[in-house]
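Everything on this sheet refers to the single structure shown next.
Order of the sequence lines fixes the chain letters, A, B, ..., with proteins taken first and strands second; residue numbering starts at 1 for each chain. FYI, side chains are in, hydrogens and waters are out, and symmetry mates aren't considered; it's all heavy atoms of this structure. Please read all numbers here as calculations on a predicted model, not as lab measurements.
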Number of protein chains: 2
Amino acid sequence: MSTIRGARERARIEVTAAIKDEARKQLAEEGAPKLSLRSVARELGMVSSALYRYFPSRDDLLTALIVDAFDAIGAAAERAAAEPAAGERAGVLPPAERWVAVSCAVREWALAHPHEYALVYGSPVPGYIAPMDTVGPAARVGLVLIDIVRGAYRAGELTLPPLADELRADAERMAAEFAEGVPPEAVAALVAAWAQLFGLISFELFGQFNRVVEEREALFRQSAGELARSVGLRDAGTD
Amino acid sequence: MSTIRGARERARIEVTAAIKDEARKQLAEEGAPKLSLRSVARELGMVSSALYRYFPSRDDLLTALIVDAFDAIGAAAERAAAEPAAGERAGVLPPAERWVAVSCAVREWALAHPHEYALVYGSPVPGYIAPMDTVGPAARVGLVLIDIVRGAYRAGELTLPPLADELRADAERMAAEFAEGVPPEAVAALVAAWAQLFGLISFELFGQFNRVVEEREALFRQSAGELARSVGLRDAGTD
DNA sequence: CAAGAACGAGAGCAGTGCTCTTGCTTTGGG
DNA sequence: CCCAAAGCAAGAGCACTGCTCTCGTTCTTG
């Protein structure tokens, strides 16, 4: 289905990509609120109304950028999960260290792309309802973390954290829905750790740590390690 | 210095308050991006240019709302910290439970005022530099948490968490600057827990938990308790 | 080859933040 | 008491935004 029928179709996907690229450029430079359809069109040498042939509204353009941003973050996380640390044998990195590596990869992507991060993990646009095609890409980081925990569980290296009774049913549902093979205790701790991870990144990126924390990377590393422990991954060096 | 000189001065503070009230109303209803000076002026029966006598720009109006929102969150946290739980004697609430109570108070305020929460803890306005008069109100929740930990430490009820070496110096600086009387180990864990707390709230509020977590209050309670433990507050029931 | 769909350009609408000028009212010093 | 100075509301206007509609042109396809 990826066969290109004619010149027109080819031009369409090219122009669509050019629009997204220019939009992403402006997003990275000035942030989402200052991204304007007209200036994108201007930069591309076309008139603003022509742009509506490719994106029915500004929100749809932003949605495309949101999907791309989620995909980029997810890809960064997956890369960090797959890549063995320098000088280590592939795949034998202890789960807790993999968890920290993934966390750091996400943080570094966020620091490198602050406006795109803010677009996906900052305040949502008030009237905006996330379309279905964002939920897949949005889940990728979470799935990477789930994979790490599942691997540790299968290897018998997971210490189950405690689980409040009111949470058990919900945790079992989550495990069945998107974290098969992970015990409910770990799933509940996992989603909490997932949110807390992004809390650390958001606070740093959104300026809440200004005049407060200086050694942000060290604090993040330590906290990410602590979060790994909280889901049951044993510290490196613990047999 | 709160003496009102004349009718003009009195009118000024009244109009200023009316503008802020109307702005807050629109903020609560439609969110920050849709808050327009013109519509505020319209609703107040004045012309838009007249509004500039009271707020030099839209950003300044938003800043005023930001300060108010920080103050409201801080006040909610302080109230929760002071109030003894129902049926308990004042002041004898264990620190870990006070921590959770404050956390829940912040979360409840956020759920009740999502747009105002997003304004202060969501994506910052790209060009925006937080004026000095926001840092005081912004610190209030943090100070409440610090107070709880300090109280526990003074009562000998604090189990010091581990502290990475690279963080020690920064933690000692922070302790000296705004957390006097709290050991550096706890300060480092505290700022991390502080960020993670808002990470949980933001994920819930900004829709990241949609289709993922259902029992959000239970998950939050459990996580807040876990965070209390992470800064060294002992679980209730532990002697 | 001709009907029809896709497309780019332009004008136009309603809305925005913000500035400037024009008069009116309140204030405070001589 | 009176009048200049300062504070204020109103209106017009500028440059910008997202978005719609129309009008020729170009490409695709039956």
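Rounded to an integer number of Å, the gap from B/Met46 CE to D/dG11 C1' is 16 Å. The interatomic distance linking B/Lys34 (NZ) with D/dG18 (P) rounds to 14 Å, in whole Å. Rounded to an integer number of Å, the gap from B/Leu37 CG to D/dC16 P is 19 Å. Atoms CZ (B/Phe55) and P (C/dG17) sit 14 Å apart, rounded to a whole Å. Nucleotide D/dG18 holds its P atom 6 Å from the OH atom of A/Tyr52, rounded to whole Å. Per the geometry, CG belonging to B/Leu51 stands 12 Å off P belonging to D/dC8, to the nearest Å.
Using a distance-only test at 3.5 Å, with no hydrogens or angles considered, a donor-acceptor pair links the side chain of B/Ser123 to the main chain of A/Ser123. The backbone N or O of A/Glu215 sits less than 3.5 Å from a side-chain atom of B/Asp170, completing a donor-acceptor pair. In terms of modelled atom types and a separation under 3.5 Å, the side chain of A/Arg221 and the main chain of B/Ala164 share no donor-acceptor contact. Formation of a donor-acceptor pair under 3.5 Å by the B/Trp99 side chain with backbone atoms of B/Gly225 is not found in this model. Judged by distance alone, the side chain of B/Ser202 and the main-chain N or O of B/Gly199 form no donor-acceptor pair under 3.5 Å.
Of the options B/Phe198, B/Phe203, B/Phe209, a ring pair (Phe, Tyr, Trp, His ring centres under 6.0 Å) to A/Phe198 is made by B/Phe203 and by none of the others.
Judged by distance alone, the side chains of B/Glu22 and B/Gln26 do bring a donor and an acceptor atom under 3.5 Å apart. In this model, a donor atom of one side chain and an acceptor atom of the other lie less than 3.5 Å apart for A/Asp60 and A/Ser57.
Counting only residues at least two apart or in different chains, salt bridge (Lys or Arg N to Asp or Glu O under 4.0 Å) contacts with residues 134-148 of chain B comprise B/Asp71-B/Arg140, B/Glu78-B/Arg140, B/Asp147-B/Arg150.
Between B/Arg12 and the phosphate of D/dC8, there is a side-chain N or O to OP1/OP2 separation shorter than 4.0 Å. Listed pair B/Tyr54 / D/dA9 meets the phosphate criterion, a side-chain N or O lying under 4.0 Å from OP1 or OP2.
Of all the residues in residues 56-67 of chain B, B/Ser57, B/Arg58 reach under 4.0 Å from DNA chain C with at least one non-hydrogen atom. Contacts of residues 17-33 of chain B with DNA chain D (heavy atom under 4.0 Å): none. DNA chain D lies under 4.0 Å from at least one heavy atom of each of the following residues of residues 38-45 of chain A: A/Arg38, A/Arg42.
Ion pair A/Glu14/A/Arg10 not flagged as a salt bridge, since none of the NZ, NE, NH1 or NH2 atoms sits closer than 4.0 Å to an Asp/Glu carboxylate oxygen. A salt bridge between B/Arg211 and A/Glu177 is absent, with no side-chain N of the basic residue lying under 4.0 Å from a carboxylate O of the acidic one.
Comparing D/dT17, D/dA10, D/dT26 by their closest approach to the side chain of B/Val47 singles out D/dA10.
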query: Given B/Lys20 and B/Tyr54, is the side-chain contact (heavy atoms from CB on, under 4.5 Å) satisfied, shown in steps?
result: CA-CA 10 Å; B/Lys20 280 212 308 195; B/Tyr54 301 89; over 6 Å; no

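When heavy atoms are screened at a 4.0 angstrom cut-off, A/Leu35 is found touching the sugar-phosphate backbone but no base atom.
In this structure, A/Phe206 has its ring center at least 6.0 angstrom away from the ring center of B/Tyr121.
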Listing time: all N or O pairs from protein to nucleotides 21-24 of chain D that are below 3.5 Å?
none

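With sequence neighbours excluded, the residues forming a side chain to side chain contact (heavy atoms under 4.5 Å, CB included) with B/Pro114 are B/Leu205, listed by chain and number.
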